[in-house]
Amino acid sequence: MVKYLLSEEDLPRSWYNIVADLPFELPPPMHPATGQPLQPEDLAPLFPAALIEQELTTEREIEIAEEVREVYRLWRPTPLYRARRLEKALGTPARIYCKYEGASPAGSHKLNTAVAQAFYNKAEGVRRLTTETGAGQWGSALAMACAFFDLECKVYMVKVSYHQKPYRRVLMETWGAQVVPSPSPDTQAGRAVLAENPDSPGSLGIAISEAVEDAAGRDDTKYSLGSVLNHVLLHQTVIGLEAKKQLELAGDYPDVVIASVGGGSNFAGLAFPFLADKLRGRNLRVIAVEPEACPSLTRGVYTYDFGDTAGMTPLLKMHTLGHSFLPPGIHAGGLRYHGVSPLVSVLYENGLIEARAEPQTAVFKAAVEFARCEGIVPAPESAHAIKVAMDLAVEARETGRSQVILFNLSGHGHFDLGAYEQYLAGKLQDYTYPREFVEEALKDRPRVPNTP
Ligand SMILES: *Cc1c(COP(=O)(O)O)cnc(C)c1O
């Protein structure tokens, strides 16, 4: 078979919370002013109670509201493909499976959490959501989810992407969202950056500061984050829960699970349900793949840092390049956040997962090869996972050992054709983020009492 499909009946009824199974403590988020562990009420200006509860819970299974499952049914369960043509082209004995999250209307996995977040906000009487977006996938997912639950949506879009990806903006506007380039004159955080550098290209960290300030300043408004936080990773576990059932249909179980890592949500979504088995003793490799140009896991420092540039968010213990990180302008491959989710970071720190950093030209080369075999043009982010899946398949050919490889095809690349154009014209360059920059940026990192 080439694709393994589940029926709407097989759609998971609950999300899987890996916190329940961790054999070690997850360092708590800290209040930026007091340096004490964050209390649920500290988060109340930004998030509805249901999501705060999901953020902090240690329950293993969290029921998915029926209203959320109803929207999921529009595109879920997503297909699991066996990449047979790619296997043949590589001449590998490995069996390569990919879970295709690009099947969602917004084109990526991000809708899985956007729909849940919009629902729980609406249920508590919120009228308006703010958020940031980089390449635009998260902004479009939230824009669609807000349209479905009749919420206003304001998106602060990193300025360089706003100008490079006009069609992402039009997509968000089609779903009814208001989109402004960040830094914007609409917030204090934005005005401060503009005063210092009117030509600032913006960054995710700056856009988060703007969206948080906007939400904290209005009673009818909350803030929505597309990755990093526990509740976001939780919502994404439908991916791995479905993939497990689909691999059962195929009569297989992965030797290795691979996904790209930005903030960590598509990785967690696919990997956590499988890591549950690993935590119970199953032999399994799990690999997170990040860009050489933004290597938070492989070259970042594991420490408490802010989630944004202005230092308004709680402090999270995570692998970070420093919250003042500005991604290099030549980098087209997505995945440009300075940190990685605390959950993914703690798993890496404890040796339960591996990480690799890949240069963008090799990533696009793999993307093009995949597209020519399997048809789907992958998002540059997803192509990081493809690159490593292909490397392992070639290794399997060389050692003659059969391997079952599963990776997350987190989205399609139809809005990333500008980056493909640059690659095909030979204009993309590799860039390795220097370790000295990390040390420099972390000199002014926040100090949290009683922690290293
Ligand atoms: C946003 C995005 C990512 C990276 O974000 P995570 O939170 O790490 O999942 C990966 N792939 C696609 C297609 C995305 O849109």
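Every number for a ligand or one of its atoms is a count from 1 in the order of the listing.
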Looking only at distance, does [X] have an N or O less than 3.5 Å from an N or O of ligand 1?
X	answer
Ala379	no
Gly226	no
Ser260	no
Glu381	no
Gly262	yes
Lys110	yes

Problem set entry | Where ligand 1 meets Gly264 - atom numbers and elements under 4.0 angstrom, heavy-atom basis | 6 (P), 7 (O), 8 (O)
For this session: Please could you name the atoms of ligand 1 that Gly411 approaches to less than 4.0 Å, counting only its heavy atoms?
Result: 13 (C)
Does [X] make a cation-pi contact with [Y] (under 6.0 Å, within 45 degrees of the axis)?
X	Y	result
Lys317	Tyr302	yes
Arg82	Tyr4	no
Arg168	Tyr162	no

Seminar exercise, completed: The answer for which part of His109 has a heavy atom under 4.0 Å from ligand 1 is side chain
Exercise. Heavy-atom contacts under 4.0 Å between Val261 and ligand 1: side chain, backbone, both, or neither?
Worked result: backbone
For this session: Please work out whether the ring planes of Trp75 and Tyr72 are parallel, tilted or perpendicular, with thresholds of 30° and 60°.
Result: perpendicular
Can you tell me which residue and heavy atom of the protein come closest to [atom], and the distance to 0.1 Å?
atom	answer
atom 7 (O) of ligand 1	Ser227 OG, 2.4 Å
atom 12 (C) of ligand 1	Ser410 OG, 3.4 Å
atom 4 (C) of ligand 1	Leu335 CD2, 3.4 Å
atom 6 (P) of ligand 1	Ser265 N, 3.4 Å

Exercise. Do His323 and Phe306 have their ring centres less than 6.0 Å from each other?
Worked result: yes
Exercise. Side chains of Val228 and Val340: closer than 4.5 Å at any heavy-atom pair?
Worked result: no
For this session: Compare all side-chain heavy atoms of Val261 with those of Leu335 and state whether any distance is below 4.5 angstrom.
Result: no
Exercise. Would you say the side-chain atoms of Glu101 and Thr78 include a donor-acceptor pair closer than 3.5 Å?
Worked result: yes
Problem set entry | Polar contact flag, side-chain donor to acceptor under 3.5 angstrom, His235-Thr113 | yes
